[in-house]
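Before any comments, here is the structure.
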Protein chains: 2
Amino acid sequence: MPQRDPLREQIIAQYDAMSPQLQQAARYVLEHPDEVALVSMRELARHAAVQPATMTRLAKFLGMQGYDDIREHYVAALRRGSDGFAAKVRQRGDVAPETVNENIAAHMLQGLSAQMTKLCEPDSLQRLKAIAHTLESAGKVYVLGLRSCHSVAWHFHYVMSLLGDRSVHLDGPAGTGGDGLIRATLEDVLFVVSVKPYAVATLELTQLAKDKGLTIVSITDSEVSPLVGMSDQTIFCPTESYSFFHTLTPALAISEVLCTLLAEDDRPKALDALQQADEHFLSLNTYSATIPRRE
Amino acid sequence: MPQRDPLREQIIAQYDAMSPQLQQAARYVLEHPDEVALVSMRELARHAAVQPATMTRLAKFLGMQGYDDIREHYVAALRRGSDGFAAKVRQRGDVAPETVNENIAAHMLQGLSAQMTKLCEPDSLQRLKAIAHTLESAGKVYVLGLRSCHSVAWHFHYVMSLLGDRSVHLDGPAGTGGDGLIRATLEDVLFVVSVKPYAVATLELTQLAKDKGLTIVSITDSEVSPLVGMSDQTIFCPTESYSFFHTLTPALAISEVLCTLLAEDDRPKALDALQQADEHFLSLNTYSATIPRRE
DNA sequence: CGATAAATGCAACAAATGAATCATTTATGT
DNA sequence: ACATAAATGATTCATTTGTTGCATTTATCG
């Protein structure tokens, strides 16, 4: 990974100008960047066979205010290596509010970008695949997502309804949301979306579906979410954001991926269903015919 | 194969037996394992919104001698992780025998990640800021998004409704969606979301609002979207995806950013409103407060 | 060699950390 | 409803941390 490391380059550049002790310290830092982030200065000094003060002096020599600047740099580097996002969220309290406000939009978006990348990890991909398979072989798919999760649930249902008639959205006026389950059978699947704080109604309906013998598939935000225990399969979506709101963007992304996997599984059938939908909308004049010219 | 993590599994296993505060601490640890290794206990506690002592108590609860045992574990894990990084990169090389489905999912997610990053460009950020300002100084904010864009519109409205009572969702059964505009005034703003193919109803309602003198702010997918000509301000969301569906994830992200900017603009007021909402939900038992325990 | 300055080691310091204690609040059971 | 226990918050304490000032050593140059 050709990751630029300005501090490392600076140390190398100034290495020849250092005193022997400083060189020894610098050399240890170069060769054990992780240690800098993970242990205290005194311990690092011990491992480098150098006086604690030398580390401080190294920092000053490099034009920094103190040793903490060095560590902070390597902590940031380590974070980037393993997880690029969590770091930034936490800095919020420490940074001047004005600065954050200016950049808050960019920070949020970059965080989301990192979260999308994180969802590419093998574990997530495997779960996606498995859940897609479950949904494929299901009878009806009941879709449940209340309050903030409504957006995800509805979008999933909407796309599914374009692909066929297997999807039932458990939502409705006058508290009739759960009625869809009345005729649910063992072959059916409940697709439920919920993140903290978990709506009581969601948990209750899910429990009901489970009692009726449905397979439960869920999108939720944590291993310790109450949904995990009720679900046959779960996929986790990060929800952290710079704002004091949770983000549902990753959850929506997951939902879209699932829809795509389902459609791809039987591509001809999906195309056919979409064609049908197109004709339907055309005859209803649902969509604007004056579509922006392309090409 | 994902790394085995005994401590993580232990925390998950004992999670249900923990007190609420312990759960909160444990949850933060689960979700931010790197932080445990990289910051002090007090800082971790601060980020987890928990008392420092709670972290010590968590350690004791897990049968350890002190918090340092927890950290030591995560330090070791991080060390292994960064060492094993080269291995991960190597894995990427022989990705050949993967199934098609996994590739689609990964491609989609990586594409989304890139799109989020693209939204950080100065032009987008400036538009976001400007739109946020318009929404701030608006009277009512009417929110319109039909069909696939319903998810974005509804989510925006939902968050806005937590923050105050200025948001009106132009949606409703029996074709009453547009009725909300009946008493709209010149100070009000229409916030409309639409991507290709553009729903006729959306365009018609938007035109009506424009005729009534409302300010029109839109999220749409192209410079040549029909919404651009009707709108005072527009922000563009990419919708391209590797699947044959459009993606609404970037649009949702934009919506969330806008909500955050609005809330941040008057942070105390936002916090106050959220507090009110919390109390409301508490008295209604909307959310599962203490997660159901099983022994 | 001897005088000067740089480099190094040592010790003491304030600030922070993690842990322990106690008072108060909240939940539980009869 | 009350009594009891559990959970939580606040306070305090002994350590450890990073830093600094000073004494000592080492290198440099006339």
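Nothing here was measured: the structure is a model prediction, and the numbers come from that model. Throughout, a chain's letter reflects where its sequence line sits, starting with A, and its residues are numbered from 1. Hydrogens, waters and symmetry mates play no part in the numbers below; they use all other heavy atoms, side chains included.
- In terms of the side chain to side chain donor-acceptor pair (under 3.5 Å) criterion, B:Gln24 has no residue partners (sequence neighbours excluded).
- Ring pair A:His150/A:His169: centre-to-centre distance below 6.0 Å.
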Identify the pairs formed between an N or O of the protein and an N or O of nucleotides 15-20 of chain C at a distance under 3.5 Å, and give each distance.
from, atom 1, to, atom 2, distance (Å)
C:dT17, OP2, B:Ser40, OG, 3.1
C:dG18, OP1, B:Met41, N, 2.9
C:dG18, OP1, B:Arg71, NH1, 3.4
C:dG18, OP1, B:Arg71, NH2, 3.1
C:dG18, OP2, B:Met41, N, 2.6
C:dG18, OP2, B:Arg42, N, 2.9
C:dG18, N7, B:Arg42, NH1, 2.2
C:dG18, O6, B:Arg42, NH1, 3.2
C:dA19, OP1, B:Tyr67, N, 2.9
C:dA19, OP2, B:Thr56, OG1, 2.9
C:dA19, OP2, B:Tyr67, N, 3.4
C:dA20, OP2, B:Lys60, NZ, 3.2

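- For the pair A:Gln51 CD and C:dA12 P, the computed distance is 14 Å after rounding to whole Å.
- Judged by distance alone, with hydrogens and angles left aside, the side-chain atoms of A:Gln23 form a donor-acceptor pair with the main-chain N or O of A:Tyr15 at under 3.5 Å.
- A heavy-atom distance below 4.0 Å to DNA chain C is reached by these residues of residues 20-28 of chain A, ordered by number: A:Pro20, A:Gln21.
- A donor-acceptor pair is defined here as one N or O able to donate and one able to accept, closer than 3.5 Å; such a pair exists between the side chain of B:Glu256 and the backbone of A:Leu248.
- Listed by first then second residue, pairs satisfying ring-ring contact (aromatic ring centres under 6.0 Å, His included) with a partner in residues 41-74 of chain A number zero, not counting sequence neighbours.
- Between B:Asp265 and B:Lys129 no salt bridge is recorded (no basic side-chain N to carboxylate O distance below 4.0 Å).
- The backbone N or O of A:Ala130 lies less than 3.5 Å from a partner atom in the side chain of A:Thr134, making a donor-acceptor pair.
- One interatomic measurement links the two molecules: CG of B:Leu58 to P of D:dT8, which rounds to 12 Å at whole-angstrom precision.
- To the nearest angstrom, P of D:dG18 lies 9 Å from CG of A:Leu44.
- Look at A:Glu223 and B:Arg8 and you find a salt bridge, because one of the NZ, NE, NH1 or NH2 atoms lies within 4.0 Å of a carboxylate O, short of that distance.
- Scanning for side chain to side chain donor-acceptor pair (under 3.5 Å) contacts around A:Ser218 gives A:Ser231, A:Thr234, with sequence neighbours left out.
- Counting only heavy atoms from C-beta outward, the side chains of A:Ile254 and A:Phe156 never approach each other to under 4.5 Å.
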Pairs: protein N or O with nucleotides 23-26 of chain C N or O, under 3.5 Å:
none

